[in-house]
Amino acid sequence: MSDDNGVPEVWPTRDSTVVEATPEAVMAVISDFSAYPEWSTSIRVAEVLSIGPDDRPDRVRFELEAGAIIDEYVLAYSWSADDRGLEWRLESSTLQKSQRGSYRLEPVEGGTRVDYELEIELVVPVIGSLRTRAERRILGDALNELKRRAEAR
């Protein structure tokens, strides 16, 4: 499938999980970027570069090491007014051409449903099915690690 200009359409990969914690507790884990290296197996460094007018980080630099994949990138964040969601987009990277993602938190019986959406395009072209598999793995790992961290608090 492609758009009117013949460019292949890229669909984001989505996943969700239920965390046995309040939305506030889950958001506290998500927004504590400096702690990511403590609980994320692939994030080696997470450094807040700037804070936005809402007193939330709006630019964060990451160093990622996932097997043979090593990347340094900066994400720009925007936070929802209800404190139940955030979106990000890639500002710069050594390996990625683009990245867009989001978290959305919804209270449910027994905790919080976390909906995660991610779309990554690498500088080196990757076959769509391989990209989707990689995104699914990243999503699954991120949700599992977030769930463990939030439930351990």
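Keep in mind that the numbers below use all heavy atoms, side chains included, and drop hydrogens, waters and symmetry copies.
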Whether the side chain of [X] engages the backbone of [Y] through a donor-acceptor N/O pair (distance < 3.5 Å, no angle test) should be reported.
| X | Y | answer |
| --- | --- | --- |
| R44 | T41 | yes |
| W79 | P57 | yes |
| E151 | E20 | yes |
| Q99 | L75 | no |
| S42 | L64 | no |

Closest approach of [X] to [Y] (non-hydrogen atoms, all atoms of both residues):
| X | Y | value |
| --- | --- | --- |
| A150 | V29 | CA-CG2, 3.9 Å |
| V123 | T94 | CG2-O, 4.3 Å |
| P23 | L105 | O-CD1, 3.5 Å |
| A25 | A21 | CB-CB, 4.1 Å |
| E87 | S102 | CG-CB, 3.9 Å |
| D115 | S16 | OD1-CB, 3.0 Å |

Problem set entry | Evaluation steps, side-chain contact (heavy atoms from CB on, under 4.5 Å), between R84 and E24 | CA-CA 8 Å; R84 298 254 171 99; E24 296 77 18; 3.9 Å; yes
Problem set entry | Over 12 non-hydrogen atoms of neighbours within 6.0 angstrom of CZ in R100 |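 Check fails, neighbour count at 12 or below.
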For this session: Indicate, with yes or no, if Y73 and I70 share a hydrophobic cluster defined by side-chain heavy-atom contacts under 4.5 Å among Ile, Leu, Val, Met, Phe, Trp and Tyr.
Result: no
For this session: Answer yes if V108 and V26 sit in the same cluster of Ile, Leu, Val, Met, Phe, Trp and Tyr residues linked by side chain heavy atoms under 4.5 Å apart, and no otherwise.
Result: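 Result: no, two separate clusters.
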Interatomic distance, [X] atom [atom1] to [Y] atom [atom2] [nearest 0.5 angstrom]:
| X | Y | atom1 | atom2 | result |
| --- | --- | --- | --- | --- |
| Q96 | L90 | CD | CG | 5.5 Å |
| D71 | E65 | CG | CD | 11.5 Å |
| Y36 | E63 | OH | CD | 16.0 Å |
| L143 | D141 | CG | CG | 9.5 Å |
| K97 | I120 | NZ | CD1 | 14.5 Å |
| E119 | R14 | CD | CZ | 9.5 Å |

Exercise. Side chains of R104 and E117: closer than 4.5 Å at any heavy-atom pair?
Worked result: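 They are not in side-chain contact.
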Exercise. Is any side-chain heavy atom of L86 closer than 4.5 Å to a side-chain heavy atom of M27?
Worked result: yes
Exercise. How far apart are the C-alpha atoms of R149 and L146, what are their side-chain angles, what is the distance that settles it, and do they pass the side-chain contact (heavy atoms from CB on, under 4.5 Å) test?
Worked result: CA-CA 5 Å; R149 178 70 171 203; L146 172 64; 5.5 Å; no
For this session: List in chain and number order the residues that pass side chain to side chain contact (heavy atoms under 4.5 Å, CB included) with L49, two or more places apart in sequence or in another chain; answer none if no residue qualifies.
Result: E47, R59, R61, V74
For this session: Apply ring pair (Phe, Tyr, Trp, His ring centres under 6.0 Å) to W88 and list each qualifying residue two or more places apart in sequence or on a separate chain.
Result: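 W88 satisfies ring pair (Phe, Tyr, Trp, His ring centres under 6.0 Å) with Y77, Y103, Y116 only.
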